Peer 1: 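If you scroll down you'll find the structure; I have some questions about it.
Everything numeric in this text was worked out from a predicted model, so none of it was measured.
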Amino acid sequence: MAWVAYVLWPRWPESAVAANAPALPITVGGVTFNLPPAAIRVAMQRRPGVQDRVDLFFVWPSLDPPDVNAKPTAQTAAGTPEPSERIFVTIAAAETAISPADRMLSIYPRFTAAEASPGPGGLTVLPFREDTPYQGEDLIYDGNAPGFLLRCTRQVGSTPGSCLYERRIETAKVILRFPRNWLADWRSVAASSERLIASLRPSPAAEHGAEQGTKIQP
């Protein structure tokens, strides 16, 4: 009974790691990532180990984590803070085995309009119909080089549109969110996005070392 009481006794949650600590090994959806604490938006997600999801953001275009020692942002003439350009990242377990490319072929055609229109820099814009779950959004892709596929909202009043770019890494998904007006230079955005996603994974040498450390010695 003492053991049962010990196991069931409520405990304080683990304290979050400091934002300026080294990168943390965090496993999401069975996939291990090395994530800088300064980029993790939720304080309680700043801990190593297994998590359901992690939310991050990085300064654009440097792709650096935000400076934890940065002074408050300067005010504009209207008295509102001057926004800094950032790219937001969400890492979560992939709910299904359907990849973004397969979704393009099997799911999205049910909800898109019949005709596409040219987009910035040679991209193709295919609007979703208004009577669908994706109403108010556009499917934007590079028809010449499959792989760069986005779902973007349209600007509504003073609220600018934003784009979602999803990449599948084994059994986890990485979703990037950024302003739609960045598509004016979408090739640089695509290259930087891939570089950012690659930086979140451990190096091959580190992964090999971790595997060696888990082997049972004879």
Side-chain angles (χ1 to χ4, degrees), residues 26-33 35 39 41-42 51-58 60-61 63 85-201:
I26 297 177
T27 300
V28 181
V31 181
T32 300
F33 297 86
L35 306 179
R41 299 172 61 194
V42 181
Q51 299 198 44
D52 294 331
R53 63 177 280 171
V54 183
D55 300 287
L56 310 100
F57 62 114
F58 297 85
W60 185 268
L63 304 182
E85 292 197 304
R86 294 177 175 179
I87 185 168
F88 294 85
V89 181
T90 296
I91 303 174
E95 300 91 350
T96 67
I98 302 176
S99 68
D102 291 337
R103 199 178 301 135
M104 170 70 175
L105 298 174
S106 61
I107 297 178
Y108 289 150
R110 308 174 194 172
F111 306 110
T112 53
E115 295 184 2
S117 60
L123 291 174
T124 299
V125 178
L126 188 60
F128 287 99
R129 299 193 310 272
E130 292 303 312
D131 57 344
T132 70
Y134 305 106
Q135 64 179 3
E137 299 183 17
D138 295 320
L139 188 64
I140 302 179
Y141 58 93
D142 178 14
N144 298 318
F148 190 68
L149 174 67
L150 308 169
R151 268 180 44 214
C152 299
T153 61
R154 303 163 197 154
Q155 180 164 339
V156 178
S158 60
T159 303
S162 62
C163 293
L164 297 179
Y165 174 54
E166 179 180 336
R167 283 270 277 105
R168 189 66 58 87
I169 300 179
E170 299 175 17
T171 51
K173 62 181 179 181
V174 181
I175 301 175
L176 277 58
R177 178 166 56 88
F178 54 84
R180 181 166 176 162
N181 59 18
W182 289 7
L183 295 183
D185 188 19
W186 70 267
R187 289 179 176 83
S188 295
V189 172
S192 296
S193 297
E194 291 300 322
R195 191 167 69 251
L196 175 58
I197 292 171
S199 72
L200 304 179
R201 296 298 317 281

Peer 1: Heavy-atom distance under 4.5 Å between the side chains of V189 and I87, does that happen here?
Peer 2: no

Peer 1: To the nearest 0.5 Å, tell me how far L56 CG sits from F33 CZ.
Peer 2: 10.0 Å

Peer 1: How long is the gap from CD1 on I140 to OG on S117, to the nearest 0.5 Å?
Peer 2: 8.5 Å

Peer 1: Quick check with a 6.0 Å cut-off and a 45 degree axis cone: is R86 positioned over the face of F58's six-membered ring?
Peer 2: no

Peer 1: How long is the gap from OG1 on T112 to CD1 on I107, to the nearest 0.5 Å?
Peer 2: 12.0 Å

Peer 1: Are the side chain of T90 and the backbone of I175 linked by a donor-acceptor contact shorter than 3.5 Å?
Peer 2: no

Peer 1: Which atom pair, heavy atoms only, marks the closest approach of L126 to A113?
Peer 2: CD1-O, 3.5 Å

Peer 1: Does the ring center of F178 lie less than 6.0 Å from the ring center of Y165?
Peer 2: no

Peer 1: If you compare all heavy atoms of R201 against all heavy atoms of I169, which two are closest, and at what distance to 0.1 Å?
Peer 2: NH1-CG2, 3.4 Å

Peer 1: Less than 4.5 Å apart, side chain to side chain, heavy atoms only: is that true for F128 and L139?
Peer 2: yes

Peer 1: So, taking the atom named CD in E137 and the one named CZ in F111, what distance separates them when rounded to the nearest 0.5 Å?
Peer 2: 12.0 Å

Peer 1: Is any side-chain heavy atom of E166 closer than 4.5 Å to a side-chain heavy atom of V174?
Peer 2: no

Peer 1: Would you mind reporting whether C152 and L183 have side-chain heavy atoms less than 4.5 Å apart?
Peer 2: yes

Peer 1: Identify the two heavy atoms, one from G29 and one from A93, that lie closest to each other, and give their separation to 0.1 Å.
Peer 2: CA-CB, 3.7 Å

Peer 1: Roughly how far, to the nearest 0.5 Å, is CG of D142 from CG of L150?
Peer 2: 10.0 Å

Peer 1: For G157, does its backbone N or O pair with a side-chain atom of Q155 as donor and acceptor, under 3.5 Å?
Peer 2: yes

Peer 1: For residues S192 and L63, report the shortest heavy-atom separation together with the two atoms involved.
Peer 2: O-CD1, 3.6 Å

Peer 1: Taking all non-hydrogen atoms of both residues, which atom of G121 and which atom of W186 are closest, and how far apart?
Peer 2: O-NE1, 3.0 Å

Peer 1: Can you give me the closest heavy-atom contact between R168 and I98, atom names plus distance?
Peer 2: NH2-O, 2.6 Å

Peer 1: If we only count heavy atoms from C-beta on, is the R154 to P127 side-chain gap below 4.5 Å?
Peer 2: yes

Peer 1: Quick one: OG1 on T32 to CG on L200, what's the gap to the nearest 0.5 Å?
Peer 2: 12.5 Å

Peer 1: Quick one, E194 and R167 - any side-chain contact, counting heavy atoms below 4.5 Å?
Peer 2: yes

Peer 1: Just by modelled atom types, is the R110 backbone N or O under 3.5 Å from a matching donor or acceptor in the R129 side chain?
Peer 2: yes

Peer 1: Do R103 and L149 have side-chain heavy atoms sitting under 4.5 Å apart?
Peer 2: no

Peer 1: May I have the step-by-step check of side chain to side chain contact (heavy atoms under 4.5 Å, CB included) for I91 and L35, ending in yes or no?
Peer 2: CA-CA 10 Å; I91 303 174; L35 306 179; 3.9 Å; yes

Peer 1: Please state whether the rings of W182 and W60 are parallel, tilted or perpendicular, taking 30° and 60° as the class boundaries.
Peer 2: parallel

Peer 1: For atom CG of D52, decide whether the heavy atoms of other residues, nucleotides or ligands shown that lie under 6.0 angstrom number more than 12.
Peer 2: no

